[in-house]
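Presented below is the structure to which this report refers.
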Amino acid sequence: MNQLMFFLIAFIIVFIVVYRRNTGTNVYKYVVNQVGTLYNKYAPYSFKSVREKVQQLGQEYTIKQYTIQVAVFAGGAFILSYLYFYNLILSFVYMVLAVATIPYLAYLRCKRIYSEFIFEQIQVYTSNTIMEFATTQSFVKALEGVYESGVLEDPVKADVKMMIDLAYENGTIDESIKYMNDRYDYFVVRNMHQLFLQITNEGSRDSAKALENMSLDIDMLVENVYRDRMDRAQFHKKFVQFGILLYFMVMLVQFLLGVDSYIKLLDNVIVQILLHGIIIVNTYFLLNGEKYYNENVGAE
């Protein structure tokens, strides 16, 4: 424990010295800016656009929030790994590995927020198109009404404009519907487009009733999605708490054996391998759970 306290004090002293030498600049802001530069250089284009939209929505973490996250991950990993191995070098390694997972977690989080935003836009698109069609009795005119109403945001708004252009260019709505179906593979989109295609090409004696039923289906879908999001958020919170608790099972072992006896066990290579395995498996368990939570947004 004396070694651990010495390291923490030394780290604080080094941080203060670096901070004082960089008068007028913020150390953590400088680090974050450098990471951001690397990100902009090497991140996939598709994810860049996703992150830009998340920033526009005001849901991207601030520099302060990322700094706190780095501090929590680094500190937590260092202390936890030290309690496992009582080895400063291994603790440094685990600290670096823990911080290295932050960009991946940010990637998953941004994808989830973007997916939820797209689904909300699709719900607005389908609901308003049905209402506009009930008035205009024309799919293209309905699209124009939705586009000009200002209820949509990019990229869905730009795609609706593309649908309108394709309809006028080809003289039919077939290419427009195919374009939107390929862009947004939702059952609600395909079902609505199929209904409009049938009404436009074949006619319908009771299109108002069919559109009303479609609108009710959309409302029911949206209600189920939001209920699912709340349930998943509650489960995710419990899942993370349980995963973190598993890391601290080593404390129970030390309590039962005694710290001195536990440290003697660390001389055994097999014991150390088992401890590394526990950390790796539990970390994989947590990261896989995060991936599932953020990617399976329950849109349909």
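Given the structure is predicted, the values throughout are model-derived calculations rather than measurements.
In this view, N128 satisfies the side chain to side chain donor-acceptor pair (under 3.5 Å) rule with no residue, not counting sequence neighbours. With sequence neighbours left out, Y168 forms a side-chain contact (heavy atoms from CB on, under 4.5 Å) with V140, K141, E144, I164. By the side chain to side chain donor-acceptor pair (under 3.5 Å) test, N288 pairs with no residue at all, sequence neighbours left out. Every ring pair (Phe, Tyr, Trp, His ring centres under 6.0 Å) that Y94 has, sequence neighbours left out, goes to H276. For Y262, there are no ring pair (Phe, Tyr, Trp, His ring centres under 6.0 Å) partners, not counting sequence neighbours. Taking the side chain to side chain donor-acceptor pair (under 3.5 Å) definition, one finds that K161 meets it with D165, sequence neighbours left out.
Smallest separation of non-hydrogen atoms from V99 and A74: CG2-CB, 3.8 Å. Listed here is the closest heavy atom pair of D154 and A158: OD1-N, 3.1 Å. For R190 against N181, the heavy-atom pair with the smallest separation is NH2-O, 3.5 Å. Of all heavy-atom pairs spanning I199 and F133, the tightest one is CG2-CZ, 3.8 Å. Residues A98 and A77 approach most closely at CB-CB, 3.4 Å, considering heavy atoms.
Ionic pairing of K178 and D174 is not present here: no N-O contact between side-chain nitrogen and carboxylate oxygen is shorter than 4.0 angstrom. Using a cut-off of 4.0 Å between Lys/Arg side-chain N and Asp/Glu carboxylate O, R51 and E60 are scored as salt-bridged. A salt bridge is defined here as a Lys NZ or Arg NE, NH1 or NH2 lying under 4.0 Å from an Asp or Glu carboxylate O, and K157 with E153 fails to meet this definition.
A donor-acceptor pair under 3.5 Å is absent between the side-chain atoms of Y104 and the main chain of L287, judged by distance alone. With S176 contributing its side chain and A167 its backbone, the two residues share a donor-acceptor pair below 3.5 Å. The backbone N or O of I278 lies less than 3.5 Å from no partner atom in the side chain of N282, so there is not a single donor-acceptor pair.
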Give the intermediate values and the outcome of side-chain hydrogen bond (donor to acceptor under 3.5 Å, both in side chains) for residues T283 and Y247. CA-CA 9 Å; T283 301; Y247 281 121; 2.6 Å; yes

Going through the checks in order, is the ring pair (Phe, Tyr, Trp, His ring centres under 6.0 Å) test met by F78 and F73? CA-CA 8 Å; F78 184 87; F73 273 53; over 10 Å; no

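Atoms CD1 and CG, on I279 and L97 in that order, are 10.0 Å from each other to the nearest 0.5 Å. Rounding to the nearest 0.5 Å gives a distance of 5.0 Å between CZ of F85 and CG of L275. Atom CD in Q194 sits 8.5 Å away from atom CG in N191 (nearest 0.5 Å). Here the OG-CG distance, from S261 to L266, works out to 11.0 Å after rounding to the nearest 0.5 Å. The structure places NZ of K64 at 5.5 Å from CD1 of I68, a figure rounded to the nearest 0.5 Å. Annotation: the span from Q241 atom CD to H236 atom NE2 amounts to 10.5 Å, rounded to 0.5 Å.
Around the CG atom of L252, the shell of radius 6.0 Å holds more than 12 heavy atoms that belong to other residues, nucleotides or ligands. More than 12 heavy atoms of other residues, nucleotides or ligands sit less than 6.0 Å from atom CG of L256. Within a 6.0 Å radius of CZ in F242, other residues, nucleotides and ligands contribute 12 heavy atoms or fewer.
Taken together through direct or relayed side-chain contacts under 4.5 Å among Ile, Leu, Val, Met, Phe, Trp and Tyr, V281 and V253 form parts of separate hydrophobic clusters.
A cation-pi arrangement, defined by a distance under 6.0 Å to the six-membered ring centre and an angle within 45 degrees of its axis, is present between R109 and Y61. F235 does not carry R232 over the face of its six-membered ring by the limits of under 6.0 Å from the centre and within 45° of the normal.
Side-chain contact check for E52 and Y114: no donor-acceptor pair (N or O, by modelled atom type) lies under 3.5 Å. A side-chain donor-acceptor contact under 3.5 Å links D159 and Y179.
Within the 4.5 Å cutoff, side-chain heavy atoms of Y125 are placed close to those of L143. Within the 4.5 Å cutoff, side-chain heavy atoms of V240 are placed close to those of E290.
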